[in-house]
Amino acid sequence: MKRFLCALLFFPVVAAAKGFVPSSFRANYEESLVSVTGKTKKSFGKIEYKFPSHLRFEVTSPVPSLVVVNPTKTWFYQPAFVKGEKDQVNVQRSANLPLIKFLDSVKDGIENSKLFNTTYQKNDLVLTFVKTIQKEMGFEEVILHASSDARSVKDLKGFERITLKHSNRNKTTIKLIDLKESVAFPQGNFEFTPSANTKVIE
C-alpha cells in the first residue's frame, strides 16, 4: 500500500500545474520499484484523474488494490488474500491527507511551490521537496524524464517516464501508457461503495 501511495501523491501534483494536462485524463501505467539491494518489483494498473482532487488509482497486478479520492473522502480498498475472508476498505477524510496539501500548494503551478524546488537538468525536470515534506512523505524527489530538453516539454505526454526517489534510497519508475485526455467520467466514478463482503474501517 505504501509503495503505490507515493505514486498516487505525484500525479495530482503534476496535473494541477498550469497547462500541463487537461482537466481530466486516464492512463494505464507500469511501475518498477528498485530497492537499495538492486532487486526490482513490477506492478501494473491504471489511473484516472479529474481536477480538482479526484483520483482513482488501481493496481491490477501482481496484488490488486484500489485508491479512490474525492474532495471529501478517500478509500483504500484491498480484496481478500484468502478465499472466504472479507475484503477490506479503509475510509478517511480527504482533508486529513497530505495529498490535499500538495494539491492546494500547486493550484497556481509548480514553479513557486513552498513544498518543493523546481530545477531543470538537461532532459529532466526535478522537483526536490523541502526537508519537512521529505520526512512527512517518505520520498525526496520526483524526476520527469524527457527525450529532449525538459524545458521544451509542455505537457505530461512529453515525458517518457517518472522517477520517485524515496527517503530510504529505493527508487520507483513509472511509465504512462495510452494516456487519454479530457475524459468524461461517469457519475460516481470517484466514489467507492463496499459490498456486503467488505470490512469497513473508518
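Taking CG from Asp124 and CD1 from Ile162, the interatomic distance works out to 12.0 Å, rounded to the nearest 0.5 Å. For the atom pair NE2 (His145) and CD (Gln121), the distance works out to 10.0 Å, reported to the nearest 0.5 Å. Considering OG of Ser65 and CD of Gln88, their distance stands at 12.0 Å, rounded to 0.5 Å. Between the CG atom of Leu164 and the CD1 atom of Ile143 there is a distance of 9.0 Å, given to the nearest 0.5 Å. Note: Lys46 NZ to Tyr29 OH = 11.0 Å, rounded to the nearest 0.5 Å. The CZ atom of Phe159 sits 13.0 Å away from atom CG of Leu179, with the distance rounded to the nearest 0.5 Å.
With no hydrogens or angles considered, no side-chain donor-acceptor pair links Thr74 and Gln92 at under 3.5 Å. A donor-acceptor contact under 3.5 angstrom links the side chains of Thr128 and Glu141, judged on distance only.
When each of Lys175, Lys42, Lys41 is checked for a salt bridge (charged side-chain N to carboxylate O under 4.0 Å, His left out) with Glu30, only Lys42 meets the rule.
Hydrophobic clustering (ILVMFWY, side-chain heavy atoms < 4.5 Å, transitive): Ile47 and Phe44 are in distinct clusters. With hydrophobic clusters built from ILVMFWY side chains whose heavy atoms lie under 4.5 angstrom apart, Val67 shares a cluster with Phe51.
Nearest heavy-atom pair, Pro64 versus Pro79, reported as atom, atom and distance to 0.1 Å: O-CD, 3.3 Å. Nearest heavy atoms, Lys86 versus Ala196: NZ-O, 4.2 Å. Listed here is the closest heavy atom pair of Glu160 and Ser147: OE2-CB, 3.3 Å. Nearest heavy-atom pair across Val69 and Ser94 is CG1-OG, 3.9 Å. In terms of heavy-atom proximity, Leu55 sits nearest to Phe190 at N-CD2, 3.4 Å.
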Apply side-chain contact (heavy atoms from CB on, under 4.5 Å) to Trp75 and Thr193, showing your working. CA-CA 9 Å; Trp75 295 265; Thr193 303; over 6 Å; no
Verify side-chain contact (heavy atoms from CB on, under 4.5 Å) between Val34 and Thr173, making sure each step is shown before the conclusion. CA-CA 8 Å; Val34 181; Thr173 299; 5.9 Å; no
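Residues Asp87 and Pro194 are not in side-chain contact: their nearest non-hydrogen atoms beyond the backbone lie 4.5 Å or more apart. The side-chain heavy atoms of Phe116 and Val142, taken from C-beta on, include no pair separated by under 4.5 Å. Contact check for Val36 versus Asn170: side-chain heavy atoms found under the 4.5 Å cut-off. Residues Leu66 and Arg56 have side chains in contact (heavy-atom distance under 4.5 Å, counting atoms from C-beta outward). When side chains are defined from C-beta on, Asn189 counts as touching Glu48, because their heavy atoms get closer than 4.5 Å. Counting only heavy atoms from C-beta outward, the side chains of Ser61 and Ser43 never approach each other to under 4.5 Å. No side-chain heavy atom of Phe76 sits under 4.5 Å from any side-chain heavy atom of Ile201. Proximity of Val59 to Glu31: side-chain heavy atoms (C-beta onward) are nowhere separated by under 4.5 Å.
A side-chain donor-acceptor contact under 3.5 Å links Ser24 to the backbone of Val183.
Aromatic ring pairs are classed by plane angle as parallel below 30°, tilted from 30° to 60° and perpendicular above 60°; the pair Phe192 and Tyr77 is tilted.
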